[in-house]
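What you see below is based on every heavy atom in this structure, not just the backbone, and it leaves out hydrogens, waters and symmetry mates. Protein chains get the first letters and strands the later ones, always in sequence-line order, with residue 1 at the start of each.
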Amino acid sequence: MFPKNAWYVACTPDEIADKPLGRTICNEKIVFWRPKAGEVAAVEDFCPHRGAPLSLGRVCDGQLVCGYHGLAMGCEGKTISMPGQRVQGFPKIRSFPVVEKHGFIWVWPGEASLADPAKIHELEWAESPDWAYGGGLYHVACDYRLMVDNLMDLTHETYVHADSIGQKEIDETPVATKTVGERVLTSRFMDNVMAPPFWQANLRGNGLPDNVPVDRWQVCHFIPPSHVMIEVGVALAGKGGYHADPRDKVSSIVVDFLTPETDTAMWYFWGMARNFKPRDHALTAEIRAGQAKVFAEDTGVLEAQQRNLLANPGRRLLMLNIDAGGVQARRIIDKLVAQEQPQPLAA
Amino acid sequence: MFPKNAWYVACTPDEIADKPLGRTICNEKIVFWRPKAGEVAAVEDFCPHRGAPLSLGRVCDGQLVCGYHGLAMGCEGKTISMPGQRVQGFPKIRSFPVVEKHGFIWVWPGEASLADPAKIHELEWAESPDWAYGGGLYHVACDYRLMVDNLMDLTHETYVHADSIGQKEIDETPVATKTVGERVLTSRFMDNVMAPPFWQANLRGNGLPDNVPVDRWQVCHFIPPSHVMIEVGVALAGKGGYHADPRDKVSSIVVDFLTPETDTAMWYFWGMARNFKPRDHALTAEIRAGQAKVFAEDTGVLEAQQRNLLANPGRRLLMLNIDAGGVQARRIIDKLVAQEQPQPLAA
Amino acid sequence: MFPKNAWYVACTPDEIADKPLGRTICNEKIVFWRPKAGEVAAVEDFCPHRGAPLSLGRVCDGQLVCGYHGLAMGCEGKTISMPGQRVQGFPKIRSFPVVEKHGFIWVWPGEASLADPAKIHELEWAESPDWAYGGGLYHVACDYRLMVDNLMDLTHETYVHADSIGQKEIDETPVATKTVGERVLTSRFMDNVMAPPFWQANLRGNGLPDNVPVDRWQVCHFIPPSHVMIEVGVALAGKGGYHADPRDKVSSIVVDFLTPETDTAMWYFWGMARNFKPRDHALTAEIRAGQAKVFAEDTGVLEAQQRNLLANPGRRLLMLNIDAGGVQARRIIDKLVAQEQPQPLAA
């Protein structure tokens, strides 16, 4: 269950650099390609001639050429040409609004007339030279909402990520959760704790001692339809924590774009944006490798959870205080989905 | 959708040389074996005792002996013996008409009383010492009719086989298609073109220059239930093309026996028969290797097309002039299938 | 189709030595662990918090700690604790009666109030220092009743195990089958035959000649719900066969615990208990390796048989004299399953 009238991250630019990309998003099979430098197009991945996936084809002079019989498809879903054929009468296939922004390709799988690029939310870290970003993509066989739950309740770090970012103080420190408009915010502040391995490495990476107490924070932002941005960091204890001077802390934003593939599978665009040593590419690569390991741990647990839930369809789960972030996020998702349903006529 | 009252290629003799072969043909699970040299038998692949596949067994003294408890099955589906048992009362299992001819094993999966070996069409190249044949077998996860379409419309060569047999003149030269009785014929003649790599190699193989213009032809014959024979060749330009003297051309027959496995999968017996240098085994092997690569390219496209069609069941495809061969062939298939349906009683 | 009110072998102690084990038994997803040395617990493999499999977790101080958010589960299915939570109101999950006995962990997947450990049948070989046991576990994709049939009709040995324990005299010697209470017994005695390779090795292992005639026996015991114990052995010919002096024979018990996983898959705990040279561990390992090969042969046949039966649902199989053991065993299984159905009210 997902809203379709929304902008989702479809892919990264490198995925369409050399050839078209076929990807299912919100149950729509879509092919993405670059008609020219700086532009991107998205249409149904279905050739109107014989139904071959257009994503098997190639891009020639900005046109997507079917790999079966050479039909050339245009950005709007209209056939441009085909060897030996008059194509004016060919049926149009569906095209999808698609935009490149913030270093990602965004697609709107719902009603095209409602797609407004201005609705793609701002990402300061993506546009400023003071920030560096590194990330990756995982395919995860679970409902994307299980990942929302996961990211809005970080108590799991103590168990799933015991060797990297977990520590028992996460469990012991309550969170505060609130809904603000269409966003959900859940925060945890742990004062005077020892940094776990991942943060020790980051402290060292920023030239700070890794063996002294720190103040640690986690502030999770759910942003519809399915994005979770988590402000995380540690500051030398007593220096102001979240508000400490940049010289006394390391902080970053865990970036999670969750794009539904089907009802029980998703594309997980994960990464980290940081505003310290932004030009240190070796550090970017090191952080990225650490995250890749961490998020693979989540993947294993969530896919097993999904199988268990499918095998026990009627079963109710618990909604504890730690689950408030996921619960409130789902409430917003439900509302967005309901708004897309046909409205009953007035009596 | 396929006629069942027809001869299909089931396997090649080497596949039953040492042991029985289990193969599903037109949704029938069948086991093939040699009761004696020069003979072949085919029965249901289901032991009447406990249901084990008879194809797991072995052939002893011409009998097919079940690998589970030693039941010996005869060619007609009647149990011959079983250790310690009287078998007279054992239920018969179904046997299938089966014939070895032209270097292939042919099976009739439908009503046995209608099976007439004389209906297996003649293949001159299979019987004459002036011809050589080499081929192979692929399993393809698609409706065999998608392969009929593919082979009756060779414009795809330009796109799917760009590195071997494709060339832009194929697209640019219209085809002529006609139905003659129960056969369909579609032809294309390209005069004064340069030969693509596959044909260059064949020209060299036949001692002809490979860097001069040629006249190229493709004449596709659809023969029910699902065989496509394609006369292909190139002649030095202006020497008469298709009708040129053998010294001035290389020509061959692309042989395609398409045997349905299920509604969405098929066995693809592919090969090439040629009447030049028929005793040059190295050339046979070289051509075979080239074809193996070409037909593997088709396989990838057709399986993707099949998945796309299954995911879009209601969708109509285009029927262009280039598709006339497939369209007319399907018309014949439809007629044959309709003839097999129970006839309504006269009023 | 299987009785659920019965003790089944769930696993061996080594499988829960270091970490919890998730296993589906009679369609129930269960997690097994050791709360303390010498104890074993079994509950639903479903965390009541968010549905993650508890088997992904770890055992800490005897509690099963969920690997997702640290919920600690107790033996009775009651949550013991969870960081930062009051757990009194958490819903109980189902627990299963479970017992360690005879070197195996036994579970009762049905109505817990009926589970009586005294109903686990006695296994003399498992408790006496005069016996040695070696075995293994296979997952087999078939209805466990096909394995019951297999083990209660050893004529298959001649065909499936031709290189190890098969010999033609098995086929030629009739069996006697009878039901005694809730057990089925089927026996075959072959006098004055040559030992097949597996028994030759055992004769040598026990210091007896391997190239002289022997009397061989096979006595299969079906014991509900799904255990088959087979007394097997060979004695030097004319020395009394089954009743010969231990110095003149080698004998053992083939141990088969068949535990349904689902309706079409099973866990096969196989092994052999012997009362000669019980402290010869190299011999135990050698026999175990031989059995592993033999039972892998069965697995291949039974999985193919299962696929054939699923593809031919309406088809009736033959019930020959050799099948009497399986037929009578299924009669007992049917009765046990019927007894578990809700009883109609008296009129």
Side-chain angles (χ1 to χ4, degrees), chain A residues 142-143 145-163 166-177 186 188 190 264 296-327 330, chain C residues 19-31 33 43-61 63-73 77-96 109 261-265:
Chain A
C142 76
D143 184 328
R145 294 175 299 173
L146 297 183
M147 189 65 87
V148 172
D149 296 343
N150 174 280
L151 292 164
M152 294 298 284
D153 170 19
L154 299 181
T155 61
H156 79 269
E157 293 186 354
T158 312
Y159 303 94
V160 181
H161 313 305
D163 302 331
Q167 63 183 130
K168 68 177 169 38
E169 290 88 348
I170 298 176
D171 283 354
E172 294 166 352
T173 310
V175 284
T177 303
T186 187
R188 173 183 288 112
M190 295 157 275
T264 55
E297 291 168 342
D298 287 304
T299 294
V301 173
L302 267 60
E303 293 188 339
Q305 180 192 17
Q306 177 71 70
R307 287 192 297 271
N308 239 5
L309 295 178
L310 288 173
N312 291 274
R315 197 112 172 202
R316 291 173 63 108
L317 303 179
L318 291 177
M319 303 294 185
L320 307 177
N321 54 341
I322 54 174
D323 299 309
V327 168
R330 283 172 184 244
Chain C
K19 53 183 196 306
L21 171 73
R23 179 158 287 163
T24 297
I25 293 177
C26 297
N27 290 327
E28 304 288 347
K29 292 185 75 167
I30 304 177
V31 54
W33 81 99
V43 302
E44 277 182 279
D45 195 8
F46 190 98
C47 179
H49 174 218
R50 303 298 300 166
L54 289 163
S55 56
L56 293 184
R58 61 201 84 167
V59 180
C60 297
D61 300 328
Q63 300 169 1
L64 177 60
V65 176
C66 180
Y68 199 3
H69 300 95
L71 179 148
M73 175 55 62
K78 192 127 189 46
T79 302
I80 295 171
S81 65
M82 185 171 168
Q85 304 297 329
R86 289 204 205 108
V87 301
Q88 290 90 328
F90 280 24
K92 234 184 133 187
I93 61 171
R94 189 174 168 194
S95 67
F96 294 88
E261 182 193 44
T262 65
D263 292 319
T264 55

Between chain C and chain A, which N and O donor-acceptor pairs fall under 3.5 Å? A table would be great.
unit_1: C:Lys29; atom_1: NZ; unit_2: A:Asn308; atom_2: OD1; d: 2.8
unit_1: C:Glu44; atom_1: OE1; unit_2: A:Arg315; atom_2: NH2; d: 3.1
unit_1: C:Glu44; atom_1: OE2; unit_2: A:Arg315; atom_2: NH1; d: 2.6
unit_1: C:Glu44; atom_1: OE2; unit_2: A:Arg315; atom_2: NH2; d: 3.3
unit_1: C:Asp45; atom_1: O; unit_2: A:Asn308; atom_2: ND2; d: 2.8
unit_1: C:His49; atom_1: O; unit_2: A:Leu318; atom_2: N; d: 2.9
unit_1: C:His49; atom_1: NE2; unit_2: A:Asp323; atom_2: OD1; d: 3.2
unit_1: C:His49; atom_1: NE2; unit_2: A:Asp323; atom_2: OD2; d: 2.7
unit_1: C:Arg50; atom_1: O; unit_2: A:Gln305; atom_2: NE2; d: 2.8
unit_1: C:Arg50; atom_1: NH1; unit_2: A:Leu318; atom_2: O; d: 3.0
unit_1: C:Arg50; atom_1: NH2; unit_2: A:Asp149; atom_2: OD2; d: 2.8
unit_1: C:Gly51; atom_1: O; unit_2: A:Asn308; atom_2: ND2; d: 3.0
unit_1: C:Arg58; atom_1: NH2; unit_2: A:Tyr159; atom_2: O; d: 2.9
unit_1: C:Tyr68; atom_1: OH; unit_2: A:Asn150; atom_2: ND2; d: 3.0
unit_1: C:His69; atom_1: NE2; unit_2: A:Asp153; atom_2: OD2; d: 3.2
unit_1: C:Gln85; atom_1: NE2; unit_2: A:Asn321; atom_2: OD1; d: 2.6

Residue selection (most heavy-atom pairs with chain A, distance under 4.5 Å) from C:Cys47, C:Ala52, C:Gly22, C:Gly57: C:Ala52
Closest heavy-atom pair and its distance - A:Leu318, C:Pro48: CG-O, 3.3 Å
Heavy-atom check, side chain of C:Pro83 versus side chain of A:Ile322, under 4.5 Å: no
Among C:Gly67, C:Cys66, C:Gly84, residue most engaged with chain A (heavy-atom pairs, under 4.5 Å): C:Gly67
Residue A:Ile170 versus chain C: region with a heavy atom under 4.5 Å: neither
